[in-house]
K.L.:
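Let me give you the structure first, and then I'll get to my questions.
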Amino acid sequence: MIPWLQIDTARVPGADVELRLMRRGAEFSMMLGQNELMNSRLSGSEEALATLACRRIEAVKRPSLLIGGLGMGFTLRAALAVLGADARITVAELVPAVIAWARGPMAHVFGDSLDDPRASILSADVIEVIQSRASAFDAILLDVDNGPEGLIRKANDALYDPKGLTAIRRALRRGGVLAVWSSGPHPLFSKRLRDAGFDVSEVAVRATAKRRGARHVIWFATKS
(Lines give C-alpha, C1' and ligand atoms only; values in the text may rest on other atoms or scores of the structure.)
Protein backbone atom coordinates (compact mmCIF):
# COMPACT_ATOMS: atom_id res chain seq x y z
CA MET A 1 0.00 0.00 0.00
CA ILE A 2 1.24 3.49 -0.85
CA PRO A 3 2.05 5.38 2.39
CA TRP A 4 0.64 8.79 3.28
CA LEU A 5 3.15 11.64 2.97
CA GLN A 6 2.86 14.98 4.71
CA ILE A 7 3.11 17.74 2.11
CA ASP A 8 2.67 20.86 4.24
CA THR A 9 1.20 22.26 7.45
CA ALA A 10 -0.63 25.49 8.24
CA ARG A 11 -1.77 27.28 11.37
CA VAL A 12 -5.42 28.29 11.55
CA PRO A 13 -5.82 32.02 12.36
CA GLY A 14 -7.39 32.50 15.76
CA ALA A 15 -6.94 28.89 16.82
CA ASP A 16 -4.10 26.90 18.34
CA VAL A 17 -4.41 24.07 15.83
CA GLU A 18 -2.51 22.92 12.78
CA LEU A 19 -3.87 21.66 9.48
CA ARG A 20 -1.86 19.03 7.66
CA LEU A 21 -2.01 18.38 3.93
CA MET A 22 -1.36 14.71 3.21
CA ARG A 23 -0.91 12.88 -0.09
CA ARG A 24 -1.03 9.21 -1.05
CA GLY A 25 -0.46 8.79 -4.77
CA ALA A 26 -3.10 10.99 -6.44
CA GLU A 27 -5.24 11.15 -3.26
CA PHE A 28 -5.15 14.14 -0.88
CA SER A 29 -6.36 14.53 2.68
CA MET A 30 -6.60 17.49 5.06
CA MET A 31 -6.09 16.42 8.65
CA LEU A 32 -6.60 18.07 12.02
CA GLY A 33 -4.79 15.88 14.51
CA GLN A 34 -6.17 12.39 13.85
CA ASN A 35 -9.38 13.75 12.34
CA GLU A 36 -9.72 13.81 8.56
CA LEU A 37 -11.55 17.00 7.58
CA MET A 38 -11.79 16.20 3.87
CA ASN A 39 -10.50 13.79 1.27
CA SER A 40 -10.20 14.26 -2.47
CA ARG A 41 -12.11 10.98 -3.04
CA LEU A 42 -15.11 12.02 -0.93
CA SER A 43 -16.91 14.94 -2.52
CA GLY A 44 -20.57 13.92 -2.71
CA SER A 45 -22.04 15.95 0.15
CA GLU A 46 -20.07 19.12 -0.67
CA GLU A 47 -21.19 18.89 -4.30
CA ALA A 48 -24.77 18.44 -3.12
CA LEU A 49 -24.41 21.60 -1.04
CA ALA A 50 -23.84 23.58 -4.24
CA THR A 51 -26.15 21.81 -6.68
CA LEU A 52 -29.16 21.74 -4.35
CA ALA A 53 -28.65 25.37 -3.32
CA CYS A 54 -28.30 26.52 -6.93
CA ARG A 55 -31.47 24.66 -7.82
CA ARG A 56 -33.33 26.79 -5.29
CA ILE A 57 -32.27 30.04 -6.99
CA GLU A 58 -32.33 28.89 -10.62
CA ALA A 59 -34.90 31.57 -11.53
CA VAL A 60 -32.57 34.37 -10.42
CA LYS A 61 -30.85 36.29 -13.19
CA ARG A 62 -27.18 37.08 -12.56
CA PRO A 63 -27.08 35.26 -9.20
CA SER A 64 -24.47 36.19 -6.61
CA LEU A 65 -23.18 33.44 -4.31
CA LEU A 66 -20.90 33.45 -1.30
CA ILE A 67 -19.11 30.22 -0.36
CA GLY A 68 -17.57 30.02 3.09
CA GLY A 69 -14.56 27.73 2.90
CA LEU A 70 -12.53 26.74 -0.17
CA GLY A 71 -11.43 23.34 1.12
CA MET A 72 -10.66 21.11 -1.85
CA GLY A 73 -12.93 23.14 -4.12
CA PHE A 74 -15.76 20.60 -4.38
CA THR A 75 -18.49 23.16 -3.69
CA LEU A 76 -16.97 25.79 -5.96
CA ARG A 77 -16.59 23.41 -8.91
CA ALA A 78 -20.12 22.08 -8.50
CA ALA A 79 -21.55 25.61 -8.45
CA LEU A 80 -19.58 26.61 -11.55
CA ALA A 81 -20.84 23.50 -13.34
CA VAL A 82 -24.51 24.40 -12.95
CA LEU A 83 -24.51 28.22 -13.01
CA GLY A 84 -24.62 30.33 -16.13
CA ALA A 85 -22.11 32.82 -17.46
CA ASP A 86 -23.70 35.74 -15.58
CA ALA A 87 -23.25 34.21 -12.13
CA ARG A 88 -20.74 35.57 -9.65
CA ILE A 89 -19.22 33.44 -6.90
CA THR A 90 -17.16 34.77 -4.01
CA VAL A 91 -15.20 32.23 -1.97
CA ALA A 92 -13.90 33.30 1.44
CA GLU A 93 -11.10 31.10 2.80
CA LEU A 94 -9.69 31.82 6.27
CA VAL A 95 -6.40 29.90 5.92
CA PRO A 96 -4.11 31.42 3.26
CA ALA A 97 -2.19 28.16 2.89
CA VAL A 98 -5.35 26.39 1.68
CA ILE A 99 -5.46 28.75 -1.29
CA ALA A 100 -1.76 28.14 -1.90
CA TRP A 101 -2.33 24.37 -1.81
CA ALA A 102 -5.14 24.76 -4.33
CA ARG A 103 -2.80 26.52 -6.75
CA GLY A 104 0.17 24.30 -5.90
CA PRO A 105 0.16 20.58 -5.00
CA MET A 106 -3.61 20.20 -5.56
CA ALA A 107 -3.77 22.19 -8.81
CA HIS A 108 -4.93 19.19 -10.84
CA VAL A 109 -7.77 18.60 -8.35
CA PHE A 110 -9.02 22.15 -8.84
CA GLY A 111 -8.54 22.20 -12.61
CA ASP A 112 -9.32 25.66 -14.03
CA SER A 113 -11.95 26.57 -11.40
CA LEU A 114 -9.79 29.17 -9.63
CA ASP A 115 -9.26 31.02 -12.92
CA ASP A 116 -12.92 30.96 -13.95
CA PRO A 117 -13.97 34.62 -14.50
CA ARG A 118 -17.13 34.00 -12.45
CA ALA A 119 -15.13 33.14 -9.33
CA SER A 120 -13.32 35.43 -6.88
CA ILE A 121 -11.18 33.83 -4.17
CA LEU A 122 -10.69 35.93 -1.03
CA SER A 123 -8.25 35.24 1.76
CA ALA A 124 -10.74 36.35 4.40
CA ASP A 125 -12.96 35.29 7.27
CA VAL A 126 -16.42 34.61 5.84
CA ILE A 127 -17.92 36.13 8.99
CA GLU A 128 -16.39 39.49 8.10
CA VAL A 129 -17.55 39.24 4.49
CA ILE A 130 -21.12 38.54 5.62
CA GLN A 131 -21.11 41.42 8.09
CA SER A 132 -19.83 43.89 5.50
CA ARG A 133 -22.27 43.20 2.65
CA ALA A 134 -25.96 43.92 3.11
CA SER A 135 -28.43 42.40 0.61
CA ALA A 136 -25.49 41.25 -1.53
CA PHE A 137 -26.10 37.53 -2.08
CA ASP A 138 -28.76 35.26 -3.48
CA ALA A 139 -27.19 32.28 -1.73
CA ILE A 140 -24.68 31.79 1.06
CA LEU A 141 -23.13 28.32 1.24
CA LEU A 142 -21.27 27.45 4.42
CA ASP A 143 -18.87 24.52 4.55
CA VAL A 144 -17.04 25.91 7.54
CA ASP A 145 -15.46 23.82 10.26
CA ASN A 146 -17.60 20.81 11.22
CA GLY A 147 -20.99 22.51 10.90
CA PRO A 148 -22.93 24.27 13.70
CA GLU A 149 -20.66 22.73 16.32
CA GLY A 150 -17.14 23.98 15.70
CA LEU A 151 -14.21 21.56 15.73
CA ILE A 152 -11.35 23.73 14.50
CA ARG A 153 -12.01 27.26 15.68
CA LYS A 154 -14.30 28.47 18.46
CA ALA A 155 -14.90 31.78 16.66
CA ASN A 156 -16.73 29.89 13.91
CA ASP A 157 -19.63 29.40 16.33
CA ALA A 158 -20.46 33.06 15.64
CA LEU A 159 -21.74 32.04 12.22
CA TYR A 160 -24.41 29.82 13.70
CA ASP A 161 -25.60 31.66 16.81
CA PRO A 162 -28.65 34.00 16.69
CA LYS A 163 -26.52 37.08 16.06
CA GLY A 164 -24.67 35.36 13.23
CA LEU A 165 -27.88 34.15 11.60
CA THR A 166 -29.27 37.69 11.80
CA ALA A 167 -26.18 38.95 9.97
CA ILE A 168 -26.58 36.23 7.34
CA ARG A 169 -30.22 37.12 6.84
CA ARG A 170 -29.20 40.76 6.35
CA ALA A 171 -26.58 39.76 3.76
CA LEU A 172 -29.12 37.78 1.72
CA ARG A 173 -31.49 39.27 -0.81
CA ARG A 174 -35.22 38.58 -0.61
CA GLY A 175 -35.78 34.90 -1.41
CA GLY A 176 -32.11 34.20 -0.79
CA VAL A 177 -30.95 30.83 0.49
CA LEU A 178 -28.57 29.89 3.28
CA ALA A 179 -27.14 26.38 2.82
CA VAL A 180 -25.17 24.87 5.71
CA TRP A 181 -23.13 21.66 5.54
CA SER A 182 -22.71 19.60 8.70
CA SER A 183 -21.03 16.32 9.56
CA GLY A 184 -24.20 15.26 11.38
CA PRO A 185 -27.67 16.26 12.63
CA HIS A 186 -28.23 19.12 15.04
CA PRO A 187 -31.92 19.53 16.01
CA LEU A 188 -31.30 22.70 18.00
CA PHE A 189 -29.79 24.36 14.95
CA SER A 190 -32.94 23.69 12.91
CA LYS A 191 -34.95 25.49 15.61
CA ARG A 192 -32.42 28.32 15.70
CA LEU A 193 -32.82 28.85 11.96
CA ARG A 194 -36.60 29.01 12.29
CA ASP A 195 -36.34 31.40 15.22
CA ALA A 196 -34.19 33.64 12.99
CA GLY A 197 -37.07 33.88 10.51
CA PHE A 198 -36.01 31.35 7.88
CA ASP A 199 -38.12 28.72 6.16
CA VAL A 200 -36.09 25.57 6.80
CA SER A 201 -35.63 22.17 5.19
CA GLU A 202 -33.07 19.52 6.13
CA VAL A 203 -31.56 17.05 3.67
CA ALA A 204 -29.50 13.95 4.47
CA VAL A 205 -26.66 13.27 2.01
CA ARG A 206 -23.80 10.80 1.71
CA ALA A 207 -20.08 11.47 1.47
CA THR A 208 -19.77 10.09 -2.06
CA ALA A 209 -21.73 10.75 -5.22
CA LYS A 210 -22.64 7.03 -5.28
CA ARG A 211 -24.59 7.48 -2.03
CA ARG A 212 -22.04 5.66 0.04
CA GLY A 213 -19.86 6.64 2.95
CA ALA A 214 -20.61 8.82 5.96
CA ARG A 215 -24.00 10.45 6.39
CA HIS A 216 -23.96 14.24 6.39
CA VAL A 217 -26.66 16.89 6.74
CA ILE A 218 -27.40 20.05 4.77
CA TRP A 219 -29.84 22.72 5.94
CA PHE A 220 -31.51 24.99 3.41
CA ALA A 221 -32.93 28.14 4.96
CA THR A 222 -34.83 30.60 2.77
CA LYS A 223 -35.31 34.28 3.52
CA SER A 224 -38.93 35.18 2.88
K.L.:
Side chains of Arg77 and Val109: does their closest heavy-atom pair fall under 4.5 Å?
P.N.:
yes
K.L.:
Quick check: do Asp143 and Ser45 have side-chain heavy atoms less than 4.5 Å from each other?
P.N.:
no
K.L.:
Any side-chain heavy-atom pair from Asp116 and Leu76 closer than 4.5 angstrom?
P.N.:
no
K.L.:
Taking atom CZ as the centre, does Arg118 end up with more than 12 heavy-atom neighbours from other residues, nucleotides or ligands that are less than 6.0 angstrom away?
P.N.:
yes
K.L.:
Look up atom CD in Glu93 and atom CG in Asp125, then write down how far apart they are to the nearest 0.5 Å.
P.N.:
10.0 Å
K.L.:
Looking at Gly197, is its backbone amide N or carbonyl O close enough to the side chain of Arg169 to form a donor-acceptor pair, meaning the two atoms are under 3.5 Å apart?
P.N.:
yes
K.L.:
Just verifying a value: how many Å separate Leu141 CG and Leu49 CG, rounded to the nearest 0.5 Å?
P.N.:
4.5 Å
K.L.:
Taking Arg41 for its side chain and Glu27 for its backbone only, find out whether a donor-acceptor pair lies under 3.5 Å.
P.N.:
no
K.L.:
Do you reckon Val98 sits in the same ILVMFWY cluster as Met31, going by side-chain contacts under 4.5 Å, direct or chained?
P.N.:
no
K.L.:
Check the orientation of Trp219 and Phe189. Use parallel for under 30°, tilted for 30 to 60°, and perpendicular for over 60°.
P.N.:
perpendicular
K.L.:
Is it the case that over 12 heavy atoms from other parts of the model lie below 6.0 angstrom from the CG atom of Asp195?
P.N.:
yes
K.L.:
Under 3.5 Å, is there a donor-acceptor pair between the side chain of Thr75 and the main chain of Glu46?
P.N.:
yes
K.L.:
For Ser29, does its backbone N or O pair with a side-chain atom of Asn39 as donor and acceptor, under 3.5 Å?
P.N.:
no
K.L.:
To the nearest 0.5 Å, how far apart are CE in Met30 and CZ in Arg20?
P.N.:
13.0 Å
